[in-house]
Protein chains: 2
Amino acid sequence: MLHEEVVGRIRAILLDGEIPPGARIPERELCERLEISRTPLREALKVLAAEGLVQLLPHRGSRAAKLTDKDMRDLFEVCQGLEALAGELACERITDAEIDEIAAAHAAMVLHYRDGDLIQYYRGNRAIHEAIVTAAGNPVLAGLYTSVTARIRRARYVTPMTPQRWALAVKEHDAILNALQRRDGAGLSHILRAHLRHKREEVLQAGFAETEGTDLTLRIA
Amino acid sequence: MLHEEVVGRIRAILLDGEIPPGARIPERELCERLEISRTPLREALKVLAAEGLVQLLPHRGSRAAKLTDKDMRDLFEVCQGLEALAGELACERITDAEIDEIAAAHAAMVLHYRDGDLIQYYRGNRAIHEAIVTAAGNPVLAGLYTSVTARIRRARYVTPMTPQRWALAVKEHDAILNALQRRDGAGLSHILRAHLRHKREEVLQAGFAETEGTDLTLRIA
DNA sequence: TTTTACATTTTTGAATGCAAAATCTGGGAT
DNA sequence: ATCCCAGATTTTGCATTCAAAAATGTAAAA
């Protein structure tokens, strides 16, 4: 198994919440499960620690990082900045074909909204945001975006929504698509910020400071 | 020696250009120099690879990452976004005392400009940009900023300047301080973007694609 | 002289072993 | 019963070792 694959698999385990925030990461156990020895596992943990997903305590092992409200706020703030930038750049560089793809994804997402299928809605939502970042044509930006969103993913995409908020989010997405189609960078940037600000408020209101026992089951309000 | 220290020391070696971009990283040699064994060294290299400073080639060792013009453009673009965000947040959160400190640093920097001391000027310049990012009060943002700027540092702070460009940069810094003092987030964000855009143009015009032989001696035009 | 095939050496990536640190356990004092 | 401390156990962090892959060198053939 390649180094990057090890990192990826552990990242997935953490993001799935299989090892909940704050819990110790059982080295020996993970080694057996991934069928690798401690050396490559520990290399991966150091990388994930640099990413902020793992917390290393000298001589006391590693734990799945726990996010405080402040961390969450900070991450959302940065995420806003990155998406705003991505929106501007995307408007300069996006091709017609890419816009069409996003429009299609948008339409599909709206259908999921109509169906009240929050999981599929979130999935489509995420794909759209990622497509915009990709369209920005800046791999450095894309990399940072991936790493920042990974850390808030569980909060962002597993927060219950009221019908009002959900309706607002869909309306914002209409505006996002519209700005993209008009290639209105400033406008898109502005809408994306507002969209994320609202999302952040939802998440923080939901009291999302991660603790050992944070329940991450998807609930629909 | 602690893990973070190992990472830091190797990072410094790379940023100093002691191992030039594209050059192989001599594992054995670094081990002897840092007086550590290969295991912790390799852990550090993987972390630095995730940061983008090191390139890992499976079964062929690691090299100091080489930056293409495109990489440089992408990094500057992201850096602009991060500084713009930092500027906005700083205006919301900065204390009077912090503003005074930045004003003092600014005054000192202007003196170095008058003296024609580019090295000291750059040093002061960097301190100001970092102080703004710190004043934003967002450690996640600060972390990304550090990592992005690290990668372009050598280009950003080791590019020759024409008297015209230098004068413009100083003028922009006046505007930056002014916006900060007025706590004009939008204005500061705008100026910072322009400032970095100009810097990027300088750097790219200087033909900064990093190659094995890139001469990083500080030249004053 | 250049090229190709092969053997040797070097380097890489990962497993194992070992010393130091931390955690756990149980018995005795308060 | 609770608290505390000494010994045992586990876990961590690093050095070393080992197998596999790549690089290098050599010699024969074109």
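Every chain is numbered from 1, with letters handed out A, B, ... down the list of sequences.
Here C:dT12 presents its P atom at 11 Å from CZ of B:Arg63, a figure rounded to the nearest Å. B:Leu41 places its CG atom 15 Å from the C1' atom of D:dT16, with the value rounded to the nearest Å. Here the C1' atom of nucleotide D:dA22 and the CG atom of B:Leu56 are 16 Å apart, to the nearest Å. The interatomic distance linking A:Ile25 (CD1) with D:dG13 (P) rounds to 12 Å, in whole Å. Between B:Glu43 atom CD and D:dC14 atom P the separation is 7 Å, expressed in whole Å. In this structure, the CG atom of A:Leu2 is 14 Å from the C1' atom of D:dA21, given to the nearest Å. In this structure, the CD atom of A:Glu27 is 12 Å from the P atom of D:dC14, given to the nearest Å. Between the NE2 atom of B:His59 and the P atom of C:dT9 there is a distance of 22 Å, given to the nearest Å.
For A:Lys70 against B:Pro139, the heavy-atom pair with the smallest separation is NZ-CD, 3.6 Å. In plain terms, the two heavy atoms of A:Cys31 and A:Leu41 that are nearest each other are SG-CD2, 3.7 Å.
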Just the atom pairs and distances: protein N or O near nucleotides 15-18 of chain C's N or O, under 3.5 Å.
residue: C:dA15; atom: OP2; partner: A:Ser37; partner atom: N; Å: 2.6
residue: C:dA15; atom: OP2; partner: A:Ser37; partner atom: OG; Å: 2.2
residue: C:dA15; atom: O5'; partner: A:Ser37; partner atom: OG; Å: 3.3
residue: C:dA15; atom: N7; partner: A:Thr39; partner atom: OG1; Å: 3.0
residue: C:dT16; atom: O4; partner: A:Thr39; partner atom: OG1; Å: 3.4

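Distances shown here put every side-chain N or O of A:Arg60 at or beyond 4.0 Å from the OP1 or OP2 atom of C:dA21. Contact between the side-chain N/O atoms of A:Arg24 and the OP1/OP2 oxygens of D:dT12 is found at a separation under 4.0 Å.
Ion pair B:Arg11/B:Glu5 not flagged as a salt bridge, since none of the NZ, NE, NH1 or NH2 atoms sits closer than 4.0 Å to an Asp/Glu carboxylate oxygen.
Looking only at atom types and distance, the side chain of A:Arg200 has no donor-acceptor partner in the side chain of A:Gln205 under 3.5 Å away.
Using the six-membered ring where Trp is involved, A:His195 and A:His129 have ring planes that are parallel, under 30° apart on the 30 and 60° scheme.
Here the rule is side chain to side chain contact (heavy atoms under 4.5 Å, CB included) with A:Cys79, and of A:Val148, A:Leu192, A:Asp74, A:Leu144 only A:Val148 fits it.
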